[in-house]
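Nothing here was measured: the structure is a model prediction, and the numbers come from that model. Below, read A as the first sequence line, B as the second, and so on, with proteins coming before strands; counting in each chain starts at 1.
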Amino acid sequence: MKEDGGASAVYSMGVAERLTGLTARQIRYWEKHGLLAPDRTKGRQRLYAEADITKMKEIKRLLADGMTMDRVKAHFANREARRIRPVEERPNRMSERIPRVGSLYGGANRAELERLINRKGGK
DNA sequence: CTTCTCACA
DNA sequence: TGTGAGCA
């Protein structure tokens with residue numbers, strides 16, 4: 001099972017146009033310049049995922065803000081490289097850290113914890 | 001719907 | 001950066 005909840009929908013070029021407010025020509029233009037890489041049907045028809053639609057809207061915004069395509073491309077390249085995910089998906093909530101501190105505090109590492117606390121004279 | 005191309009802002 | 005038009 002993949003992640004579902006109706007999130008695996010794909011859209012045709014025509015639908016993508018309507019959903020993004022872009023022209024088909026513009027979408028192909030961006031793809032030609034490396035900004036998009038949609039899946040294809042066996043008949044070479046483009047299939048856009050929800051993420052592609054979102055990306056198009058973001059590209060649209062960035063370009064409207066004065067970005068060049070090279071910069072927009074670099075923007076997304078960095079996102080991939082640094083694996084930046086939405087904050088909500090990051091496993092860095094305190095609730096996942098506190099338990100570690102708790103076990104350290106009351107477990108066999110109590111002495112280690114006190115050593116860490118007491119070194120440097122406690123500030 | 002797809003590809004390409006030439007031309008024009 | 002993006003379009004219009006014509007073709008296959």
With nearest nucleotide decided by heavy atoms, which residue, A/Y48 or A/K32, maps closer to the 5′ end of DNA chain B?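 So the residue in question is A/Y48.
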
Starting at [atom1] of [X] and ending at [atom2] of [N], how long is that distance when rounded to a whole Å?
X: A/R28; N: C/dT1; atom1: CZ; atom2: P; result: 19 Å
X: A/L47; N: B/dT2; atom1: CG; atom2: C1'; result: 13 Å
X: A/H33; N: C/dT3; atom1: NE2; atom2: P; result: 12 Å
X: A/R25; N: B/dC8; atom1: CZ; atom2: P; result: 14 Å
X: A/M67; N: C/dG2; atom1: CE; atom2: C1'; result: 19 Å
X: A/M56; N: C/dT1; atom1: CE; atom2: P; result: 18 Å
X: A/R71; N: C/dT1; atom1: CZ; atom2: C1'; result: 16 Å
X: A/Y29; N: C/dG2; atom1: OH; atom2: P; result: 6 Å

So, the side chain of A/E31 versus the backbone of A/L36: is there a donor-acceptor pair under 3.5 Å, distance only?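 Side chain of A/E31 to backbone of A/L36, a donor-acceptor pair under 3.5 Å: no, none is there.
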
Do the side chain of A/D52 and the main chain of A/A49 share a donor and acceptor less than 3.5 angstrom apart?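 Pair found, side chain donor or acceptor close to backbone of A/A49.
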
If pairing requires Watson-Crick or G-U wobble contacts with both distances under 3.5 Å, which nucleotide is the partner of B/dT2?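 Check on B/dT2: paired to C/dA8, both distances under 3.5 Å.
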
Path from A/L19 to A/V10 over hydrophobic side-chain contacts below 4.5 Å: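 In one cluster with A/L19: A/V10, no.
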
Need one value for A/G14: base, sugar-phosphate or nothing, where a base atom within 4.0 Å counts as base even if backbone is also close, heavy atoms only.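 Answer is sugar-phosphate: A/G14 comes under 4.0 Å of backbone atoms only.
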
Which part of the nucleic acid, if any, lies within contact of A/T23, taking any heavy atom under 4.0 Å across all strands shown: a base, the sugar-phosphate backbone alone, or nothing?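 Sugar-phosphate only.
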
Could you check which of [options] has an atom nearest any side-chain atom of [X]?
X: A/R46; options: B/dC1, C/dG2, B/dT3; value: B/dT3
X: A/R44; options: C/dT1, B/dT3, B/dC1; value: B/dT3
X: A/Q26; options: C/dT3, B/dT2, C/dT1; value: C/dT3

Closer than 4.0 Å, any side-chain N/O of A/R40 to the OP1 or OP2 of B/dT3?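 For A/R40, the contact criterion (side-chain N or O under 4.0 Å from OP1 or OP2 of B/dT3) is met.
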
Examine C/dT1: is either OP1 or OP2 under 4.0 Å from a nitrogen or oxygen in the side chain of A/W30? Give yes or no.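 For C/dT1, OP1/OP2 do not have a side-chain N/O of A/W30 under 4.0 Å.
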
Over all heavy atoms of both residues, which pair between A/M69 and A/Y29 is shortest? Give the atoms and the distance, please.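 Closest approach of A/M69 to A/Y29, heavy atoms only: CE-CE2, 3.6 Å.
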
For A/G34 and A/K73, work out which heavy atoms get closest and say how close.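 Heavy atoms of A/G34 and A/K73 come nearest at O-CE, 4.0 Å.
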
